[in-house]
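Each ligand, and each atom within it, is numbered from 1 in the order the structure gives.
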Amino acid sequence: MLEVTDLRTHFFTFGGARVVKAVDGVSFRLREGETLGLVGESGSGKTTTCMSIVGLLPRAGRVVGGSVLFEGEDLTRKSQRELRRIRGRRIAMILQDPMASLNPLFTIFRQVAEPAFFHQHLRGRTLRERVRHLLESVRIPSPEWRMRDYPHQMSGGMRQRIVGAIALAGGPRLVIADEPTTNLDVTIQAQYLDLLKDIQRETGVALIFVTHNLGIVAKMCDRVAVMYAGKIIEQGPVRALFDDPKHPYTRALLGSVPKLGSKEPLYAIAGQPPNLADLPSGCAFHPRCPEAVPRCATEEPGDVHLAGGRVARCWLVSDGLTRS
Ligand code: SF4
């Protein structure tokens with residue numbers, strides 16, 4: 001369904017004098033009905049990758065290379081007008097902050113109805129029925145009544161479910177969810193994730209799930225791609241990657257997840273993520289990597305394709321020295 005190949009998105013600041021390589025050679029595939037987790041620290045390029053796919057980059061950002069094949073069409077070659085038709089109908093987004101996605105001045109009915117009105121050309125009673133059904137599918141109680149409400153009359157969890165209903169209203173084939181549960185408390189978060197899974201089972205929609213929460217990846221995703229400094233440094237099926245991470249950064253990320261009942265101090269990855277406008281030479285992770293070897297500081301490793309659909313980008317992997 002989606003094939004991203006060598007995607008490069010740069011930001012040009014100070015009149016182009018400074019170039020920030022926010023996404024630098026990202027490749028992955030997504031099948032129909034599959035869920036891919038995109039994980040990494042803040043600033044690793046997860047959100048910019050998603051915004052590049054749907055053509056929603058800020059003014060300073062530009063896709064400078066690579067391709068995004070979605071159902072056979074390269075989205076990087078589409079005009080903004082063509083992308084607008086694709087967004088909402090074939091690809092939908094769920095953003096972190098539901099209040100930023102909802103218009104406080106319009107009723108829930110109007111906001112959920114809009115994509116179905118424009119993309120599916122529904123009108124009158126059919127449109128109303130569709131909105132009622134969508135609200136029901138995201139577990140909004142008494143949908144007939146609640147569709148007359150405004151966003152401020154709903155709780156945070158309900159608002160996020162409304163955003164889910166809007167995303168589904170155009171009948172998309174792919175939903176990109178960017179940290180959709182960050183602002184929800186833990187119990188509401190779990191209910192929302194269950195709901196997304198149910199919807200996916202019912203509709204067969206594919207999902208890209210952007211998160212820094214590895215617990216959510218384990219619960220939600222089939223495959224996971226770990227990003228660092230604008231690159232995917234490891235990807236593969238979730239279970240295999242969690243059981244046997246090949247890349248030192250993935251190992252460090254997994255090691256920093258709190259374990260219930262453990263008395264061990266929490267492991268923290270040393271140092272800070274790099275400045276994307278001034279990346280270290282060689283492997284961008286080398287100043288923080290506890291397993292670095294001399295060549296890491298001077299030569300950049302490439303992708304190594306492993307059995308089971310796994311890919312890792314590290315000299316230890318290409319030299320067969322990685323530990324489990
Ligand atoms: Fe660490 Fe070197 Fe592998 Fe980079 S290439 S992750 S620095 S061992």
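Around atom 1 (Fe) of ligand 1, the protein atoms of type N, O or S found under 2.8 Å away are C289 SG, listed by chain and number.
Residues F209 and L193 meet the side-chain proximity criterion, which asks for heavy atoms closer than 4.5 Å.
Because its NZ or CZ atom is both nearer than 6.0 Å to the ring centre of F12 and within 45° of the ring axis, R62 counts as a cation-pi partner of that residue. Cation-pi check for R123 over F117 is met; the charged atom lies under 6.0 angstrom from the ring centroid and within 45 degrees of its normal. By the 6.0 Å and 45° rule, R288 does not stack over the aromatic ring of F285.
With sequence neighbours left out, the side-chain contact (heavy atoms from CB on, under 4.5 Å) criterion links T47 to M51, D178, V210.
Salt bridge present: E144 and R128 bring a charged side-chain N and a carboxylate O closer than 4.0 Å.
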